[in-house]
*Asks:* 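Below is the structure I would like to discuss, written out as structure tokens.
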Amino acid sequence: MIAKPILTVLSGQPVWPPPVWMMRQAGRHLPEYKATRAEAGSFLNLVTNPELAAEVTLQPVRRYGMDGAILFSDILMVPWAMGQKLWMEEGEGPRLTPITDMAGLAALRPGELRAAAAPIFETVSRVRAALDEANSKTTLIGFAGSPFTVACYMVEGRGGSDFVRVRQLAYSDPQFFARLIRVLTDASIDYLLAQLEAGAEALMLFDSWSGLLSPSQFRRWVIDPTAAIRRALAQAAPHIPVIGFPRLAGPMLADYGSRTGMQGIGMDTAMDPRWAAANVAPEMALQGNLDPLVLMIGGIALETEARSLLSAMRGRPFIFNLGHGIEKETPIEHVTALLRLVRGG
Ligand code: 1CP
């Protein structure tokens with residue numbers, strides 16, 4: 001068995017030049033993705049079609065030789081698999097029928113999650129088989145959204161930028177909110193374990209909206225449930241590494257790093273990598289955090305930013321990535337130029 005660079009880094013050992021993958025690497029910046037998406041007809045058809053979902057998961061690996069293959073799915077498939085209605089509003093984004101009270105929560109069917117999400121686990125198995133078949137060094141990364149971030153969408157029924165209603169609700173009805181977070185914590189454990197059983201080699205928890213919370217709320221709704229998920233996974237599969245991505249957490253990243261038991265921490269675009277390096281344990285892998293906009297712009301700006309990130313991370317376990325998802329207007333040549341630069345050391 002060949003060593004996979006991402007798994008080596010997540011075990012706490014630096015690899016240089018660092019392994020690289022990009023958040024949202026499968027998606028609309030790739031012409032082959034657009035073709036497969038058109039064939040599927042809709043985003044949800046694509047996610048629930050294991051043959052096509054495995055194909056788009058592998059497209060960026062084939063084109064760029066990425067060291068990570070992120071499962072093609074979405075964080076909102078967990079509420080969907082528990083029975084919450086989910087659809088994509090063309091050109092706008094996801095929509096769900098909002099759940100704001102105990103009755104709405106009681107109507108969810110967490111017991112049916114595994115059966116409903118079976119096509120997603122089938123995608124994981126297919127991708128893993130294809131990577132094994134090719135004797136690939138690429139690591140298959142499964143994922144879920146973190147309870148707080150998924151709760152934001154479940155309560156408001158759509159994406160947003162501040163989720164004021166959700167944050168108010170967490171104060172005004174902590175009993176309901178705690179129950180929702182509890183349901184999501186258990187569902188995420190179940191969902192992630194099923195991905196491991198299907199062949200995922202590492203896991204990632206996306207907490208895109210954690211940075212909206214005050215420190216006390218961050219500890220309660222982000223750190224505690226994340227640590228609970230990590231503990232449950234460790235019990236079932238002690239050697240599986242997990243990467244946490246508490247986006248815009250700022251200095252709370254230090255507590256998140258020391259208290260959740262992660263093997264890797266994703267840095268968002270706003271995080272200073274030198275601050276992160278000084279404030280999380282040296283054996284913990286850092287991942288990130290090139291600005292997706294500078295990748296879109298390219299040229300000398302891209303080269304300068306990429307070199308500065310590399311020099312900040314040199315000598316520690318590090319996975320090169322973006323600070324958030326790749327922009328759909330990103331030219332393919334910018335991605336290939338960046339990969340050349342990173343791999344040149
Ligand atoms: O065709 C379309 O319109 C669908 C666009 C799309 C895609 C390509 C959505 C809807 N989801 C995805 C795939 C996706 N989402 C992946 C797998 C692909 C990859 O990374 O290569 C992953 C890991 C996600 C995770 C995800 N979904 C997050 C966490 C990361 C982040 O970006 O912060 C979040 C917040 C979502 C919710 C979501 N799903 C889709 C959209 C457009 C959104 C954002 C909605 C919003 O808040 O405005």
Side-chain angles (χ1 to χ4, degrees), residues 2-10 14-39 46 52-72 127 130-131 133-141 143 201-202 204 243 245 264 266-269 273 285-314 317-345:
I2 40 157
K4 297 195 171 192
I6 285 183
L7 294 179
T8 305
V9 169
L10 290 173
V15 171
W16 212 263
V20 49
W21 69 280
M22 291 177 196
M23 286 188 275
R24 292 269 169 111
Q25 63 189 14
R28 284 175 298 173
H29 89 286
L30 287 178
E32 58 269 36
Y33 169 82
K34 285 187 246 182
T36 312
R37 166 81 169 69
E39 191 185 332
L46 179 52
L52 298 183
E55 164 60 23
V56 294
T57 302
L58 289 164
Q59 282 170 349
V61 177
R62 274 191 222 117
R63 182 185 277 271
Y64 300 121
M66 293 292 186
D67 294 294
I70 181 94
L71 166 68
F72 189 81
V127 174
L131 293 173
E133 169 84 22
N135 205 20
S136 170
K137 283 190 178 178
T138 296
T139 299
L140 173 53
I141 306 168
F143 74 92
E201 300 171 285
M204 182 154 165
I243 304 167
F245 181 50
M267 302 179 290
D268 62 78
T269 308
L286 290 172
Q287 172 175 281
N289 72 340
L290 188 83
D291 190 343
L293 293 181
V294 85
L295 180 59
M296 191 173 114
I297 298 307
I300 191 79
L302 171 59
E303 196 180 319
T304 307
E305 293 288 317
R307 286 199 195 286
S308 150
L309 174 57
L310 284 166
S311 91
M313 291 290 110
R314 196 162 188 123
F318 173 57
I319 300 166
F320 198 103
N321 203 314
L322 304 177
H324 203 193
I326 190 167
E327 297 284 340
K328 66 177 189 301
E329 301 85 358
T330 305
I332 281 171
E333 311 80 68
H334 294 182
V335 179
T336 49
L338 173 64
L339 291 170
R340 243 190 338 267
L341 186 153
V342 173
R343 290 175 172 152

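Residue numbers run from 1 in the order of the sequence given. These numbers were taken from a predicted model, which means no experiment stands behind them.
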*Asks:* CZ/R24 to NE2/H324 distance, rounded to the nearest 0.5 angstrom?
*Replies:* 6.5 Å
*Asks:* With side-chain contact (heavy atoms from CB on, under 4.5 Å) as the criterion, how do V127 and L71 come out once you've worked through the C-alpha distance, each side chain's angles and the decisive distance to 0.1 Å?
*Replies:* CA-CA 8 Å; V127 174; L71 166 68; 5.7 Å; no
*Asks:* Going by side-chain contact (heavy atoms from CB on, under 4.5 Å), W21 matches just one of D67, L322, I6. Which one?
*Replies:* I6
*Asks:* State, yes or no, whether a side-chain contact exists between V9 and P317 at a heavy-atom distance under 4.5 Å.
*Replies:* yes
*Asks:* Mind checking whether N289 and D268 have side chains closer than 4.5 Å, heavy atoms only?
*Replies:* no
*Asks:* Given 3.5 Å as the limit, does a donor-acceptor pair link the side chain of Q59 with the main chain of L30, or not?
*Replies:* no
*Asks:* Testing P273, S308, P18 one by one against M313 for a side-chain contact (heavy atoms from CB on, under 4.5 Å), which residue passes?
*Replies:* P273
*Asks:* Ring-plane angle category for Y64 and H29, please: parallel below 30°, perpendicular beyond 60°, tilted otherwise.
*Replies:* parallel
*Asks:* Which distance, rounded to the nearest 0.5 Å, do you find between the CD1 of I300 and the CD of E305?
*Replies:* 11.0 Å
*Asks:* Indicate the atoms forming the closest heavy-atom contact of L52 with E39, along with that distance.
*Replies:* CD2-OE2, 3.7 Å
*Asks:* Please say whether more than 12 non-hydrogen atoms of neighbouring residues, nucleotides or ligands are located less than 6.0 Å from CD in E329.
*Replies:* yes
*Asks:* Before accepting this row, confirm whether a basic side-chain N of the pair R340/E303 lies closer than 4.0 Å to the acidic partner's carboxylate O.
*Replies:* no
*Asks:* What pair of heavy atoms forms the shortest contact from L309 to L290, and how long is it?
*Replies:* CD2-N, 3.8 Å
*Asks:* Is the backbone N or O of A69 less than 3.5 Å from a side-chain atom of T57, with the two atoms forming a donor-acceptor pair by type?
*Replies:* no
*Asks:* Minimum heavy-atom separation for T139 to A202, with atom names?
*Replies:* CG2-CB, 4.2 Å
*Asks:* Would you compute the distance between atom CE of M66 and atom CZ of F320 and round it to the nearest 0.5 angstrom?
*Replies:* 10.5 Å
*Asks:* Starting from the C-alpha separation in whole Å, work towards a yes-or-no answer on side-chain contact (heavy atoms from CB on, under 4.5 Å) for E327 and L293.
*Replies:* CA-CA 7 Å; E327 297 284 340; L293 293 181; 3.9 Å; yes
*Asks:* Over all heavy atoms of both residues, which pair between Q287 and I243 is shortest? Give the atoms and the distance, please.
*Replies:* OE1-CD1, 3.6 Å
*Asks:* Taking L140's backbone N and O only, do any of them form a donor-acceptor pair with E201's side chain (distance below 3.5 Å, no angle check)?
*Replies:* yes
*Asks:* Looking at every heavy atom in both P5 and V15, which two are closest together, and how far apart are they?
*Replies:* O-CG2, 4.1 Å
*Asks:* Where is the tightest heavy-atom contact between H334 and I297, given as atom of each residue plus distance?
*Replies:* CE1-O, 3.3 Å
*Asks:* Let's go through V335 and R63 carefully: what are the C-alpha distance in whole Å and the side-chain angles of both, what is the deciding distance for side-chain contact (heavy atoms from CB on, under 4.5 Å) to 0.1 Å, and is it a yes or a no?
*Replies:* CA-CA 10 Å; V335 179; R63 182 185 277 271; over 6 Å; no
*Asks:* Determine whether F318 and M267 make a side-chain contact, defined as any pair of heavy atoms from C-beta on separated by less than 4.5 Å.
*Replies:* yes
*Asks:* Verify, without hydrogens or angle tests, whether E333 (side chain) and G298 (backbone) share a donor-acceptor contact under 3.5 angstrom.
*Replies:* no
*Asks:* Atom CE in M296, atom CD1 in I326: separation rounded to 0.5 Å?
*Replies:* 11.0 Å
*Asks:* Under a 4.5 Å cut-off applied to non-hydrogen side-chain atoms, are L310 and L341 in contact?
*Replies:* yes
*Asks:* For I70 and M23: C-alpha separation, side-chain torsions, deciding distance, then whether side-chain contact (heavy atoms from CB on, under 4.5 Å) applies.
*Replies:* CA-CA 8 Å; I70 181 94; M23 286 188 275; over 6 Å; no
